[in-house]
There are 2 protein chains.
Amino acid sequence: MVAVADVARHAGVSTATVSRVLNNHASVRGETRERVLRAISALDYRVDVSARSLRTAQTRLILVLLPDLGNSYYASIVRGISAVARSHDYEVLVCETVVNEARERAHVQMLSSRLYDGVICMDPYTTQRLVAEEVKGQPWVACSEFVPGDQVPHVSIDHYLAAKDAVLYLLSKGRRRIALINSDSRYLYAGQRLNGYLDALRAADIGEREGYIQNTGGVDYYLGELAARRMLAGADRPDAILAVSDTLAIGAIKAVVAAGLAVPDDIAVIGFDDIPFAGIFEPPLTTIGQPRELLGERAMHLLLQRMAGQSPASETLPHRLVIRQSA
Amino acid sequence: MVAVADVARHAGVSTATVSRVLNNHASVRGETRERVLRAISALDYRVDVSARSLRTAQTRLILVLLPDLGNSYYASIVRGISAVARSHDYEVLVCETVVNEARERAHVQMLSSRLYDGVICMDPYTTQRLVAEEVKGQPWVACSEFVPGDQVPHVSIDHYLAAKDAVLYLLSKGRRRIALINSDSRYLYAGQRLNGYLDALRAADIGEREGYIQNTGGVDYYLGELAARRMLAGADRPDAILAVSDTLAIGAIKAVVAAGLAVPDDIAVIGFDDIPFAGIFEPPLTTIGQPRELLGERAMHLLLQRMAGQSPASETLPHRLVIRQSA
DNA sequence: TTGTAGGCGTTATCAG
DNA sequence: CTGATAACGCCTACAA
């Protein structure tokens, strides 16, 4: 293993000089720098980040915690994060959080071990408490999900308003029997969207109906299909369905069509997230889009401020209703 | 910042003893251990991984390099990797490689900085050379993609055979005018599947046809749609399309249907990968499935052996044709 | 502009 | 079973 000392010896300089070259200090004579550089490549020297961070107390590494790598919703956010992070010379590492009691501790150790200069958490807010406890003292921010009333800065859309907008749109189209397919109550957005849905209906003087709210526990296609099938089986069939994710919405449409009904004529369907597939599906999905890249960019900005010792205010970004053909 | 020394002082023992407790050495008296543990939680001590790795020369971190976080194909593989890694007490970090000339160096530094005990690379084989150069001396293996003839151990299906099987199946269904929608020639699989396709046709004595091979440069839905549209515009319309990814296949079906033709009656379509959506799409997609989790598990096993100084042989895993309704 | 030397927090060796 | 102490590789005063 070749260390700074070896490079120094090879170049006939001191370790201090090598370090200066490594860190682009101006105060190195051109010719000396050349010699050092040559030695570095001759010996194929690589810095040891462990040693460096031990000394400098920073790693220039950002950790992004997310609950599901397979959900492309997060991918776009990460892209936004990375763009900003890289422009500030931070490298972004992603870790899929496993909410497994047994493994929890190991994960937690990852966080608490000072390996990262900052953490961005997209985990369900119910597990953010765990994170909070572990990264205590370390800079971190939340993205999309957050613990309401908490001190941790976060970026998110207004899920309550978004759901309300969706229902308002359905109402404006003359729909009155509007059902909701919700996912997993561990997620904050689930509760907020539920409230938005409820309040919008209430404001229109529409009462709740038996079986009109289904909780799937996840966002897989088939779960949406199952939920919609249950709704269709009821005596009091809805004329519109709001699903909290596009995947659920697509599953729901499958069920509707399988039941011999038409979308949107018999039942209008609105999803959430505007995934790439939403536009290509038949019928193209009407959905609530989130500014995903921007979400990531803002989150990283918040983190940057946090790492600088500031206490930035949380941000709410705008959503938008993407009207296609399913509603 | 509280260090081992602080814990030692608090517990009235030496740093050596604290370290022993931290690392579960058996040779610590129960009562002493208790005292240390109490001090640790009283002071809320956290190990400094940088210091630890500087000392031990290992980080217990595995880096997974992939070209696209948004592609859920990789998510399943990562899940397989993580399962094995965690059972061996390694933590898995994912980094989306950015093949951007300007940023290349920073990335590269990440790899070469000894922060990881091992690397699993799923990048296109054309960029694996870069990786190879940078992680030189570090244990790494390739997954899915690999540089043929290289010494680096890898896991993959036999893309050549898989494509051949798909064409054989189409042939067995009486199709003769079989087209190929390929993606990005930076990927090894693209070339191999092309060869499989070509050889299968050749073996059946079917000559190449003008415009029957389209390269899209990516796997987005709309690219498949575009490619298929071009094929349909030709005088010599195909009666079957093999697409190297399900997303391309779905895009292709869109184009076929939009042209007033039926799938599979007029044109059969086969995809690749068996993504979650393949089964829910209408018509459900016939596709070549890969054992993704297993791919990840085997890759991690290979890496484990590599890290142990061995030179494991590469592995080829079986693919399977999932017959649904698009072909 | 360059060199010397100390220490970051941890683990491991060697005594006791 | 426990303690003192010497590295690990790097950066950065401070000195020259």
Side-chain angles (χ1 to χ4, degrees), chain A residues 1-40 43-61 89 109-110 112-117 137-138, chain B residues 1-40 43-61 89 109-110 112-117 137-138:
Chain A
M1 135 155 280
V2 20
V4 172
D6 303 308
V7 177
R9 201 172 312 120
H10 190 99
V13 298
S14 74
T15 61
T17 299
V18 175
S19 176
R20 288 189 188 102
V21 172
L22 247 23
N23 295 285
N24 277 109
H25 287 213
S27 67
V28 179
R29 194 149 46 102
E31 196 236 329
T32 314
R33 178 184 305 277
E34 282 308 317
R35 235 181 25 251
V36 172
L37 257 16
R38 269 200 302 277
I40 285 176
L43 300 177
D44 194 25
Y45 165 83
R46 319 291 177 105
V47 274
D48 181 321
V49 281
S50 298
R52 173 180 281 175
S53 16
L54 173 58
R55 200 34 240 256
T56 61
Q58 59 161 310
T59 60
R60 305 218 69 88
L61 255 32
D89 259 310
Q109 213 179 344
M110 283 226 59
S112 57
S113 58
R114 307 170 190 170
L115 181 57
Y116 309 99
D117 288 350
Q138 285 185 72
Chain B
M1 132 156 281
V2 20
V4 173
D6 303 307
V7 176
R9 201 172 312 120
H10 190 97
V13 298
S14 73
T15 61
T17 299
V18 175
S19 175
R20 285 194 264 265
V21 171
L22 248 22
N23 295 285
N24 277 108
H25 286 214
S27 68
V28 179
R29 194 150 46 101
E31 197 235 329
T32 313
R33 177 184 304 277
E34 282 307 317
R35 234 179 29 249
V36 172
L37 256 16
R38 270 199 302 278
I40 286 177
L43 300 179
D44 194 27
Y45 165 83
R46 321 289 178 105
V47 276
D48 183 319
V49 282
S50 299
R52 172 178 284 174
S53 358
L54 172 58
R55 195 41 236 246
T56 62
Q58 59 161 312
T59 60
R60 307 219 66 89
L61 254 33
D89 259 311
Q109 213 178 344
M110 284 227 57
S112 56
S113 57
R114 307 170 188 169
L115 180 57
Y116 309 100
D117 288 349
Q138 287 185 71

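In the text below, chain A, chain B and the rest are named by the order of the sequence lines, each starting its count at 1.
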For residues S53(B) and Q58(B), report the shortest heavy-atom separation together with the two atoms involved.
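Minimum heavy-atom separation between S53(B) and Q58(B): CB-O, 3.2 Å.
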At their closest point, which heavy atom of V36(A) faces which heavy atom of V7(A), and how far apart are they?
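That closest heavy-atom pairing would be O-CG1, 4.1 Å.
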Could you tell me how far apart R29(A) (CZ) and dT2(C) (C1') are, to the nearest whole angstrom?
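Interatomic distance, CZ of R29(A) to C1' of dT2(C): 9 Å.
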Rounded to the nearest 0.5 Å, what separates atom [atom1] in [X] from atom [atom2] in [Y]?
X	Y	atom1	atom2	result
R9(A)	D6(A)	CZ	CG	5.0 Å
T32(A)	L37(A)	OG1	CG	11.5 Å
L115(A)	L61(B)	CG	CG	6.0 Å
M1(A)	Y45(A)	CE	OH	8.5 Å
H25(B)	R33(B)	NE2	CZ	9.5 Å
R55(A)	L54(B)	CZ	CG	12.5 Å

Provide the start and end nucleotides, 5' to 3', of the part of DNA chain D that has atoms under 4.0 Å from heavy atoms of chain B.
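Contact span on the strand: dC1(D) to dG9(D).
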Starting at the 5' end of nucleotides 7-16 of chain C, put B wherever the base has a protein heavy atom under 4.0 Å, S where only the sugar-phosphate does, and a dash everywhere else.
BBBBBB----
May I ask you to test the V13(A)-V18(A) pair for a side-chain heavy-atom distance under 4.5 Å?
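Sidechains of V18(A) and V13(A): in contact.
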Flag side-chain contact, heavy atom, 4.5 Å: N23(A) against R52(A)
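In contact.
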Near-strand residues of residues 6-13 of chain A, defined as heavy-atom separation under 4.0 angstrom from DNA chain D
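Going residue by residue through residues 6-13 of chain A, none turns out to have a heavy atom under 4.0 Å of DNA chain D.
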